[in-house]
Amino acid sequence: MFLYGKPVDMRNSFTGLYALARHGLQQDPLSGHLFVFVNRRGTQARILYFDRSGWCIWAKRLEAGCFISDWAQVSHREMDWTALKLMLEGIEPRRRAKRYAHGSAAPAGTSMPLTTPVTSA
């Protein structure tokens with residue numbers, strides 16, 4: 001699957017989306033891959049693909065939210081099924097902070113003993 005990284009006029013149909021996939025993404029639309037296009041507001045998406053008998057377009061319009069919130073962070077890219085499913089649900093996964101730090105279990109600036117002292121009673 002390939003995401004077209006620029007806003008697309010949703011009046012485009014088979015021929016227009018084919019041209020964007022062929023020339024904009026530099027991919028062969030007859031390959032069977034899915035090509036995802038999103039409008040400027042990020043509320044509509046179309047997926048173009050070719051099955052063995054002809055062209056297909058799948059479309060979705062969100063009633064609330066958007067597929068893409070910031071076009072400055074989007075580029076032409078290949079995506080997997082999970083990313084497509086999240087996008088179609090209106091979920092944009094982002095990593096805002098690291099979940100853990102490599103090398104040390106203790107946060108920076110703190111000291112933790114390597115062993116726990118054993119006390120006898």
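Residues: numbered from 1 along the sequence shown.
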Peer 1: Going through the checks in order, is the side-chain contact (heavy atoms from CB on, under 4.5 Å) test met by D28 and F50?
Peer 2: CA-CA 10 Å; D28 180 16; F50 186 81; over 6 Å; no
Peer 1: Hydrophobic clusters here meaning ILVMFWY residues chained together by side-chain heavy-atom distances under 4.5 Å, can you tell me if L62 and W58 are in one?
Peer 2: yes
Peer 1: Would I47 and W81 show up in the same hydrophobic cluster when neighbours are defined by side-chain heavy atoms closer than 4.5 Å?
Peer 2: yes
Peer 1: Verify side-chain contact (heavy atoms from CB on, under 4.5 Å) between Q44 and V38, making sure each step is shown before the conclusion.
Peer 2: CA-CA 6 Å; Q44 295 181 29; V38 180; over 6 Å; no
Peer 1: I'd like to know whether F37 forms a side-chain contact (heavy atoms from CB on, under 4.5 Å) with N12, so could you lay out the CA-CA distance, the side-chain angles of the two residues, the decisive distance to 0.1 Å, and finally the verdict.
Peer 2: CA-CA 10 Å; F37 303 94; N12 282 327; over 6 Å; no
Peer 1: Could you tell me the separation between the CD atom of E78 and the CG atom of L3, rounded to the nearest 0.5 Å?
Peer 2: 11.5 Å
Peer 1: Indicate the atoms forming the closest heavy-atom contact of F35 with P29, along with that distance.
Peer 2: CE1-CA, 3.6 Å
Peer 1: According to a hydrophobic-cluster definition based on side-chain heavy atoms being under 4.5 Å apart (Ile, Leu, Val, Met, Phe, Trp, Tyr only), do Y18 and V36 belong together?
Peer 2: no
Peer 1: Can you find a pair of side-chain heavy atoms, one from V8 and one from M10, that are under 4.5 Å apart?
Peer 2: yes
Peer 1: Could you report the tightest heavy-atom contact between S31 and H33, atom names first, then the distance?
Peer 2: OG-CD2, 2.8 Å
Peer 1: Does I57 have any side-chain contact (heavy atoms from CB on, under 4.5 Å) partners at least two apart in sequence or in another chain, and if so, which?
Peer 2: S13, F14, L17, R46, L48
Peer 1: Let me check something: do L25 and Y49 share a hydrophobic cluster, defined by ILVMFWY side-chain heavy atoms less than 4.5 Å apart, either directly or through other members?
Peer 2: no
Peer 1: Would you name the heavy atoms of L84 and M1 that are closest together and state the gap between them?
Peer 2: CD2-SD, 3.1 Å
Peer 1: Between R22 and L20, does a side-chain contact (heavy atoms from CB on, under 4.5 Å) hold up when you go through it step by step?
Peer 2: CA-CA 6 Å; R22 182 75 172 167; L20 290 173; over 6 Å; no
Peer 1: Measure the OG1-CG distance between T82 and L86 for me, rounded to the nearest 0.5 Å.
Peer 2: 7.0 Å
